[in-house]
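Working notes, beginning with the structure itself.
Per chain, numbering begins at 1; letters A, B, ... match sequence-line order. Scope of the values below: all heavy atoms of this structure, side chains included, with no hydrogens, waters or symmetry mates.
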Amino acid sequence: MIKKLNRRQFLKSTGLASGTLVLGVQFSPLMAKHHGEIQFSPDVFVSMDGTGQVTIISHRSEMGQGIRSTLPLLVADELEADWNRVTVKQALGDAKYGSQNTDGSRSVRKNFQKLKEAGAIMRTMLQQAAAQVWSVPVDQVRIEHHQAHHKDEALDFKELVKIASKLKVPERDTLKLKTAAEQKYVGKPDMALLDGADIVTGKAVFGYDVQLDDMKTAVIARPPVVFGTVKSVDDSETLKVPGVVKVVQLPALTPPALFKMLGGVAVIAENTWAAIEGRKKLNIEWNHGSNSSYSTNDHEAVFIKALENPKEVVRSRGDVEQAKANATKTIEADYHVAGLAHATMEPPAATARITGDRVEVWACTQTPQASQRNVMGTLEIPQENAANVEINVTLLGGGFGRKSKPDFVAEAAYLAHQTKMPIKVLWTREDEIKHGYYHSPSYQQLKGTLDENNRVTSWYHAMVNHPISSTFDPTAKLAGSTDLGQGDMMFDVPNIKIALGETDTFMRIGWVRSVTNINNVFAASSFVDEMAHAAGKDSKDFLLELIGDDRIEDFSKDGFEYSNYGEPAEQYPAETSRLKNVIQLAAKEANWGEKLPEGTGMGIAAWRSFLSYIAVVIKVSTNGNQVKIEDVHMAVDAGQLLNPDRVKSQMEGSLIFGASLAFYGEITAKDGIIEQGNFDDYQMTRINQIPDVHVHLVNSTAIPTGVGEPGLPPVAPALCNAIFAANGQRHRRLPLKDLRLV
Amino acid sequence: MTELKINGQLTQLEVSEDMPLLWALRDVAKLTGSKYGCGKGICGACTVHIDGQPMRSCITPMSYAKGKSVTTIEGLSEQGDHPVQQAWQNLNVAQCGYCQSGQIMSAVALLENNPNPSDEDINGAMAGNICRCGTYPRIRAAIKQAAKLKQADEGAQS
């Protein structure tokens with residue numbers, strides 16, 4: 001997918017009268033090759049042809065977080081490129097780009113440095129080329145806006161590209177990179193979306209939209225219970241459906257689930273409707289297998305029992321038992337958060353075509369390299385032939401972690417191989433809800449104590465869920481992950497105990513946007529509010545007091561091996577000052593403490609997750625069981641902000657995602673079969689339920705961190721704390737089935 | 001063979017009459033701008049206009065669409081510059097963009113009937129369109145901006 005932008009799209013006019021003129025030009029990679037004979041490619045992320053046209057590679061997947069509209073800015077900015085002469089090209093899956101696994105809110109922090117360097121390498125070489133032409137020292141050549149300047153002379157990049165392409169590529173440690181103040185595109189507040197014009201005209205190509213000549217469409221009847229198998233299948237009625245071409249049985253899934261195909265029976269047809277109708281007419285008898293012993297309701301008792309005697313203490317300070325013995329007040333509360341599905345608006349979809357040894361795939365995947373490995377594993381292609389498996393990444397109609405699990409890509413490759421036809425596998429909504437990698441239901445126990453001055457003397461947080469690791473290792477039982485919202489709490493308390501329970505798992509568990517931060521931060525931030533109430537203190541003041549002095553939290557002191565999202569603590573320290581700052585900012589903007597009418601209340605929650613600091617203040621009004629979200633303020637410190645508009649949109653989205661899971665999110669199984677199946681029984685919030693969301697950005701010079709996930713964890717607790725403030729009702733169980741969001 | 005008008009063009013599609021319009025558009029007419037989201041008419045991603053009215057194409061059989069005039073996102077404007085499309089870009093409404101064809105088609109229909117909608121009017125008209133990414137506040141703002149753009153356009157023409 002290649003996209004050329006014009007300048008007006010990029011430096012967007014926001015004036016009403018002018019509007020924007022847009023011109024989305026799509027052309028094939030073949031055409032790009034002929035756009036000028038010279039190819040100057042000093043780095044894998046940037047190249048320039050003989051006309052001076054720049055191509056920047058977007059190697060991460062776009063799923064709504066705005067990464068295609070953000071990372072290329074870093075290259076163009078360092079290069080001093082005229083954006084009007086920049087083309088952004090989506091990368092194939094290829095290890096030469098480094099990791100392309102677009103999840104964990106890490107695309108920015110893992111790539112900003114090397115992308116700046118890519119631009120600076122090209123700029124430096126163009127500068128050296130101009131110095132040669134003019135026979136002047138390099139430092140007398142100024143590079144600005146696609147030109148080299150010396151005194152009153154100027155040369156366009158196109159006149160330098162041939163010379164520059166023959167120069168030695170400079171070492172990275174010799175590069176001079178721009179400061180934030182010198183950047184022209186990075187950090188500007190009103191950058192237009194790279195794919196904005198294509199989206200509003202229906203030209204944008206998602207995984208669902210891929211069309212190939214002679215392509216057939218497949219839908220699959222998958223085993224209703226994970227690791228179930230096909231006992232028998234009668235496809236005679238299916239084959240009578242006009243348009244149905246063929247029925248293919250898939251191999252049964254055996255543990256571990258990994259990203260392997262779920263198995264079942266595929267109906268291959270000339271069009272989607274015929275495939276769907278054909279699937280309805282399959283007569284399949286299933287062996288449900290041992291996971292049919294699982295029912296979510298019954299398992300809650302197992303969770304509760306698991307927390308009576310947690311298996312592992314992961315963080316410990318002082319003695320919580322002793323603190324309890326000395327306490328003036330003891331507060332205890334249990335919290336439950338239901339299982340969740342991703343419910344991406346676009347369900348999983350992948351297309352595969354096999355020609356000789358060559359496998360081409362087009363998919364809405366968050367991880368083209370894992371997709372490539374998965375295809376190779378499925379088709380038993382040896383590692384040395386990896387180059388024969390080409391993974392094209394389309395736009396993703398939402399991801400949230402679902403599309404980093406390429407089981408659907410394996411299905412397309414397998415069926416293309418079996419049928420010798422190009423195959424597009426489409427998941428219906430029911431397929432997506434019923435055959436997910438779910439956020440696990442969880443159960444949590446919180447205990448805290450207060451002294452005679454109503455200061456917190458101990459904090460105990462135990463959690464049990466079905467761990468994600470069980471998807472990769474069926475023997476894994478210990479709950480996970482404590483790093484996300486549980487063990488990483490930044491409260492200044494003398495006695496701390498963080499513990500995990502264990503349990504068996506009966507479905508595929510995966511990561512959903514912000515992962516276990518969802519349940520952990522809900523419990524922890526609700527409990528802070530419960531303690532504030534017990535202490536008779538203002539919730540915001542109490543939270544700030546609990547965080548305590550400005551310091552860098554050293555988790556290792558408590559014997560906690562905190563992963564810090566895979567980053568060194570020295571580079572990305574957990575700073576209490578930044579957490580307190582966002583709390584104060586959100587509270588101030590929300591007018592925290594204002595006198596509110598009867599039945600109205602404000603709630604607050606804040607957490608550091610994915611190395612970013614977010615605080616949320618929500619105002620609700622209540623009337624009986626009706627809740628209305630009146631106002632929302634979110635404060636964000638994610639270091640230097642590369643594309644502030646996309647940071648804001650991620651916060652807006654997090655609020656709405658959080659409201660959906662708080663009021664509706666519940667996946668349950670009965671006899672191993674998921675009971676929900678579409679947006680009628682797995683509901684989403686609607687526009688009429690969501691007010692404007694005010695996002696306040698901290699102008700930080702810290703290293704940039706991610707924003708796709710960290711906005712979400714504080715939303716549900718801020719909401720429930722607001723409901724408590726409004727009507728005195730404490731809700732410890734999500735979703736809020738007794739309440740109605742209006 | 002079913003005959004209908006798609007984006008102003010008289011079109012014959014070789015499909016069974018019980019096939020939902022959505023799949024006929026996407027798989028047979030190769031117009032993939034209208035999206036599948038639920039197949040039950042509850043998410044709005046597949047919204048198109050049939051004789052000017054917003055309809056859920058995923059539950060509208062070809063037997064109903066036959067002989068009628070269908071407008072999809074691809075045919076909303078020749079240059080992609082309908083006021084709603086302009087406002088959507090001015091405010092960077094989209095996140096993933098998948099639901100936005102349906103959102104835009106619903107918004108266009110709203111403004112046809114109500115050139116100056118209030119927040120409540122917008123919420124009422126748009127409540128059938130789900131956005132999982134969470135673009136609702138910007139959709140509201142963009143519809144208001146589109147209303148102004150549309151009035152300015154119409155003023156300029158009269």
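Every side-chain contact (heavy atoms from CB on, under 4.5 Å) that B/Val84 has, sequence neighbours left out, goes to B/His82, B/Trp88, B/Ile104, B/Ala107, B/Val108, B/Leu111, B/Ala146. Under the side chain to side chain donor-acceptor pair (under 3.5 Å) criterion, B/Arg140 pairs with A/Asp692, B/Asn123, not counting sequence neighbours.
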Quiz prompt | Intermediate values then yes/no, side-chain contact (heavy atoms from CB on, under 4.5 Å), B/Ile42 and A/Asn678 | solution = CA-CA 9 Å; B/Ile42 50 181; A/Asn678 209 313; 3.8 Å; yes

Exercise. Before giving the answer on side-chain contact (heavy atoms from CB on, under 4.5 Å), spell out for B/Ile130 and A/Met345 the whole-Å C-alpha distance, their side-chain angles and the decisive distance to 0.1 Å.
Key: CA-CA 8 Å; B/Ile130 293 174; A/Met345 280 309 291; 3.7 Å; yes

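Under a 4.0 Å N-O distance rule, the pair A/Asp209/B/Lys30 does not qualify as a salt bridge. The pair B/Lys35-A/Glu346 does not meet the salt-bridge criterion, since no charged nitrogen lies less than 4.0 angstrom from a carboxylate oxygen.
For chain B, the nearby part of A/Pro347 is the side chain; its heavy atoms alone come within less than 4.5 Å. The part of B/Gln100 that comes within reach of chain A is its side chain, from C-beta onward, which places non-hydrogen atoms under 4.5 angstrom from that chain. Residue B/Ala152: no heavy atom, backbone or side chain, is found under 4.5 Å from chain A. With a 4.5 angstrom heavy-atom cutoff, B/Asn129 touches chain A only via backbone atoms.
Heavy-atom pairs under 4.5 Å with chain B were tallied for A/Met63, A/Gln650, A/Gln211, A/Gln65; the largest tally goes to A/Gln211. Interface summary for chain A: among B/Ala141, B/Pro137, B/Gly33, the most heavy-atom pairs under 4.5 angstrom belong to B/Pro137.
To the nearest 0.5 Å, atom CG of residue B/Leu22 and atom OG1 of residue A/Thr272 are 8.0 Å apart. For the atom pair B/Cys96 SG and A/Ile199 CD1, the distance stands at 7.5 Å (nearest 0.5 Å).
In this pair, B/Tyr36 and A/Tyr208 present their aromatic rings parallel. The plane angle is below 30°, not in the 30 to 60° band.
Remark: A/Arg686 fails to qualify as a cation-pi partner of B/Tyr136 under the 6.0 Å distance and 45° angle criteria applied to the six-membered ring.
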